[in-house]
Amino acid sequence: MKTIGVLTSGGDAPGMNAVIRAVVRTAIYLGMNVKGIRRGYNGLIEGDIIDLDLRSVSDIIHRGGTFLYTARCPKFKTEEGMQAAIENCKKYGIEGIVVIGGDGSYKGARDLSERGIPCIGVPGTIDNDITSTDYTIGFDTAMNTAASMVDKIRDTAQSHDRCSVVEVMGRHAGYIAVQTGIAVGATAILVPEIEANVDEIIEKIKQSSKTGKKHFIIVVAEGVQNVGGVEGVAKRIQEETGIESRATVLGHVQRGGSPTVRDRVCATELGNAAVHLLSKGIGNRVVGYKDGALVNYDIFEALNMEKTLDFDMVEIAHETSV
Ligand code: ADP
Ligand code: F6P
């Protein structure tokens with residue numbers, strides 16, 4: 001392969017820039033050229049494609065976001081969009097692509113691979129919800145951001161003897177909520193994978209109050225249904241315990257910021273691995289981690305895998321928060 005492309009797709013995640021850097025530097029090290037495709041699959045359809053050299057990726061390893069921009073691109077799901085993308089691959093001499101994103105982006109990579117453009121998927125999302133890997137780039141940074149925000153919320157909850165109910169991101173999954181909840185010593189954590197029981201939380205707050213506890217943190221994953229959101233949970237807690245309660249939605253702050261060391265290192269390792277595969281003419285695969293080891297899987301197999309929350313951690317959180 002002489003020329004490869006790289007793009008970021010779906011929601012951005014801290015560490016995406018570090019992947020792009022690793023891709024560009026590794027490809028050039030192995031004697032290949034690199035094209036940057038901007039705004040996800042949109043750039044491929046519209047020909048928004050730039051040359052990347054060694055210096056194009058200087059000074060980005062520590063920056064959040066993605067300097068190639070990212071987007072969701074519904075047109076890429078149509079045959080017309082797909083054909084336009086393939087035409088541009090031919091026009092720009094792109095023989096393989098590193099796609100950095102989530103399972104949705106992997107589906108696009110699969111479709112391109114099926115049509116003769118070998119792709120390698122690199123897991124980039126704060127949600128850690130990609131089925132084929134234990135870890136996704138951006139997760140650690142997002143959790144650290146969420147934990148530091150909740151620490152600040154705790155200061156004011158403590159000063160006022162309040163209960164703070166905090167919503168964290170995660171789309172349909174509770175990975176961010178569980179680990180952040182443990183890290184901030186939350187009294188309770190609600191995740192979409194387990195049916196929410198606000199009555200239980202209220203009982204726990206009442207019991208803990210009897211042992212002298214005066215302020216409380218409840219972490220709620222955004223995907224939790226049927227509780228009226230964090231406002232609804234806070235309202236019920238206030239009404240039924242008499243403890244003044246506040247609701248906070250952390251939101252997109254969790255998607256930004258300088259990536260942690262873990263995210264920078266994983267990004268570099270995974271970006272490097274993706275290019276080594278392409279350089280050997282191997283496509284249609286995704287890279288990731290399984291039980292601490294670097295792995296790669298066939299993209300079809302990867303998209304059919306299943307992954308569940310670590311329910312032992314949920315239990316540990318429960319047993320240690322009283
Ligand atoms: P993520 O990659 O984070 O899961 P999305 O699910 O929003 O994010 O997907 C990102 C982009 O990947 C979509 O906007 C679309 O361009 C592409 N994509 C998603 N699903 C498919 C699909 N079934 N077929 C082709 N492309 C897809
Ligand atoms: O997938 C990352 C994520 O931040 C989710 O946690 C969240 O549900 C979603 O993206 C938000 O998307 P948007 O940036 O379109 O608001």
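We count ligands from 1, going down the list as the structure has it; atoms in each ligand are counted the same way. All residue numbers refer to positions in the sequence shown, counting from 1. Small disclaimer: the values here were computed from a predicted structure and weren't measured.
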Can you list, by chain and residue number, every protein residue with a non-hydrogen atom closer than 4.0 Å to ligand 2? Arg72, Thr125, Ile126, Asp127, Met169, Gly170, Arg171, Glu222, His252, Arg255
For the residue pair Arg38 and Thr8, confirm or rule out a side-chain donor-acceptor distance under 3.5 Å. no
Within 4.0 Å of some non-hydrogen atom of Phe76, the atoms of ligand 1 are 16 (O), 26 (N)
Give a yes or no on whether Glu80 atom CD has more than 12 heavy-atom contacts from other residues, nucleotides or ligands under 6.0 Å away. no
Contact (N/O only, under 3.5 Å) between Ser105 and ligand 1: yes
Mark yes or no: Arg262 above the aromatic ring of Tyr135, with NZ or CZ under 6.0 Å from the six-membered ring centre and no more than 45 degrees from the axis. yes
Tell me, yes or no, whether the heavy-atom count around Lys206 atom NZ, taken from other residues, nucleotides or ligands under 6.0 Å, exceeds 12. yes
Tell me, please, whether Tyr92 has Lys90 positioned over its six-membered ring: NZ or CZ under 6.0 Å from the ring centre and within 45 degrees of its axis? no
Result of checking Ile37, Leu52, Ile97 against Val6 for side-chain contact (heavy atoms from CB on, under 4.5 Å): Leu52
Of the listed options Ala71, Gly81, Cys73, Gly104, closest to atom 15 (C) of ligand 1 (non-hydrogen atoms): Cys73
Heavy-atom contacts with Gly10 under 4.0 Å: which atoms of ligand 1 show up? List them by number with element. 3 (O), 8 (O), 10 (C)
Out of all atoms in ligand 1, which are within 4.0 Å of some heavy atom of Ser9? Include the element for each. 10 (C), 11 (C), 12 (O)
Do Glu79 and Gln83 pair up side chain to side chain, a donor and an acceptor below 3.5 Å, judged on atom types alone? yes
Looking at OG1 of Thr66 and CD1 of Ile20, how far apart are the two atoms once the value is rounded to the nearest 0.5 Å? 3.5 Å
Would you sort out whether His215 and Arg154 count as a side-chain hydrogen bond (donor to acceptor under 3.5 Å, both in side chains), showing the intermediate values? CA-CA 8 Å; His215 68 276; Arg154 179 189 277 277; 3.0 Å; yes
Any nitrogen or oxygen of Gly102 lying under 3.5 Å from a nitrogen or oxygen in ligand 1? Just yes or no. yes
Where the closest heavy atom to atom 23 (N) of ligand 1 is concerned, which of Lys107, Arg72, Met82, Lys75 has it? Lys107
Using a strict 4.0 Å cut-off to heavy atoms of Asp111, name the atoms of ligand 1 that fall inside it. 24 (N), 25 (C)
Element-labelled atoms of ligand 1 that are located less than 4.0 Å from some non-hydrogen atom of Gly108: 25 (C), 26 (N), 27 (C)
So is Lys307 actually on top of Tyr175's ring, under 6.0 Å and inside 45° of the axis? yes
For Met16 and Gly65, which heavy atoms make the closest approach, and how far apart are they? CB-O, 4.0 Å
Is Asp103 in contact with ligand 1, taking contact as a heavy-atom separation below 4.0 Å? yes
